[in-house]
Protein chains: 2
Amino acid sequence: MKLSEAKQQFISTWGAMGTHWGINRTMAQVHALLMISPDPLTQDDMMAQLNISRGNVNMNIRDLIDWGLVERVLIPGERKEYFVAEKDIWKVATQITKERKKRELDPMMKLMDQLSKVEGDKKDKEVKAFVDAVNGIKKFGTQADHMLDVLVKSDENWFVSTLMKLFR
Amino acid sequence: MKLSEAKQQFISTWGAMGTHWGINRTMAQVHALLMISPDPLTQDDMMAQLNISRGNVNMNIRDLIDWGLVERVLIPGERKEYFVAEKDIWKVATQITKERKKRELDPMMKLMDQLSKVEGDKKDKEVKAFVDAVNGIKKFGTQADHMLDVLVKSDENWFVSTLMKLFR
DNA sequence: TCGAATTTTCAATAATTTTTGAAAATTAAA
DNA sequence: TTTAATTTTCAAAAATTATTGAAAATTCGA
């Protein structure tokens, strides 16, 4: 398989995967493109390579920056802005994990705390089924929370240690 | 907060979460409704409680069954079909994990294997960046695969052991 | 400060996904 | 069988989400 074809495959598959991961297709494609680029790219580069409009690139780049997956880089003497993606896939995974924990798990847990205080007779099977479900989710959420923390923390260490190697 | 209000909140939030988890809003709502129901429900029950059409209930129930999260139950002497959801949230989580591994991770890994065989000079920085990215993902995927297996297996044991308790 | 290059915004449009509802198929009681 | 209850299907409609592109805003060199 030729590089150009392989690139296309990679970008399109990563895009399709993105939709399963809670980010939109184009955002994942932009990310994919940047992940396999040896050099920083401009918005125009991405427009050309992915065949999408300026506005689209711009918005998705902004989202990727919010997710902590892409950053702006300044190239001395250049007027245009350049962008690079985090290349370390473990870093990508922990970053996504962290963000989703913040955006999804934390608010869910807050709600469950409220819902577990529902009024009503615990003898009523309707009430009991509800409270049981909510408490189950709370317990699960707490455990998941800890597990994810361990993962993210261990990975931060791992990341730091890999990074350190580069400097010694 | 009253039960009816709490239920509504629960269903609507679980539905919103579903969209982040790769399943559609209504499917997640049907699942939520079944999770907090002490008794099996019919399609008509769900139509009434969620205000959705018969076809919609039917399709989403089918999907939930495919995901292994809901099952049909027969109530002796009743003509209609009844449905119950897996109530154990850990079981739900491992089931989803298993399915997503099968649907997302496995195909992704297969593709990466192909893509790592891209032709071209490894000295070319374009080729190198591509191969590095693909190999990084392969390594990551393999580790994730093992991790998920451990999770699912340990949980299967845990589930079996909880189940056993019911019978002794 | 000015003005060209570049980035950002956002209303309109396009594409995609979900939902409906009625017809067809299936099921099981009589 | 026949028939009425129930489930399933799927084309059309509605709702949602993503994309465009041009105008507005910003940035930076001269």
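Both backbone and side-chain heavy atoms feed into the values below; hydrogens, waters and symmetry mates do not. Lettering follows sequence order; numbering is per chain, from 1.
Side-chain contact check for Asp45(A) and Thr42(A): at least one donor-acceptor pair (N or O, by modelled atom type) lies under 3.5 Å. With no hydrogens or angles considered, no side-chain donor-acceptor pair links Asp145(B) and Thr142(B) at under 3.5 Å.
As judged by a 4.0 angstrom heavy-atom cut-off over every strand, Asn58(A) is placed among the base-contacting residues. As judged by a 4.0 angstrom heavy-atom cut-off over every strand, Asn56(B) is placed among the base-contacting residues.
Atom CG in Asp63(B) sits roughly 14 Å away from atom P in dC10(D) (whole-Å rounding). Taking atom CG on Asn24(A) and atom P on dT16(D), their separation rounds to 18 Å, with Å as the unit. In this structure, Ile61(B) atom CD1 and dT6(D) atom C1' are separated by 15 Å, rounded to whole Å. Rounded to whole Å, atom P of dT27(D) lies 19 Å from atom CD of Glu78(A). Whole-Å rounding puts the Leu74(B) CG to dT27(C) P distance at 13 Å. Here the P atom of nucleotide dT8(D) and the CE atom of Met47(B) are 13 Å apart, to the nearest Å. dT6(C) atom P lies 13 Å from atom CZ of Phe83(A), rounded to whole Å. One interatomic measurement links the two molecules: OH of Tyr82(B) to C1' of dT7(D), which rounds to 15 Å at whole-angstrom precision.
The Lys80(B) side chain lies nearest to dT7(D) when the options are dT7(D), dG21(D), dT27(C). Among dT8(D), dT6(C), dT8(C), the nucleotide with an atom closest to any side-chain atom of Gln43(B) is dT8(D). Distance from the side chain of Thr26(B) is smallest to dT19(C) among dT7(D), dT19(C), dT7(C). Distances from the side chain of Glu81(A) to the nucleotides dT19(C), dT20(D), dT7(C) place dT7(C) closest.
Of the side-chain N and O atoms in Arg25(B), none sit less than 4.0 angstrom from OP1 or OP2 of dT16(D). At least one side-chain nitrogen or oxygen of Arg62(B) sits closer than 4.0 Å to the OP1 or OP2 atom of dT9(D).
Judged by closest nucleotide on DNA chain D, Met59(B) is the one of Met59(B) and Val57(A) placed further toward the 5' end. Heavy-atom nearest nucleotides on DNA chain C were determined for Ser53(B) and for Asp44(A), and the one closer to the 5' end corresponds to Asp44(A). Annotation: of the two residues near DNA chain D, Ile52(A) and Gly55(B), the 5′-most nearest-nucleotide partner is Gly55(B).
Counting distance only, with no hydrogens placed and no angle test, the side-chain atoms of Arg54(A) and the base atoms of dT20(D) include no donor-acceptor pair under 3.5 Å.
Under the 4.5 Å side-chain heavy-atom criterion for grouping Ile, Leu, Val, Met, Phe, Trp and Tyr, Leu50(A) is not connected to Tyr82(A) through any hydrophobic cluster.
Side-chain atoms of Thr13(A) do not come within 3.5 Å of backbone N or O of Phe10(A) as any donor-acceptor pair.
Looking at Val118(B) and Phe130(B), their side chains come closer than 4.5 Å, going by heavy atoms from C-beta outward.
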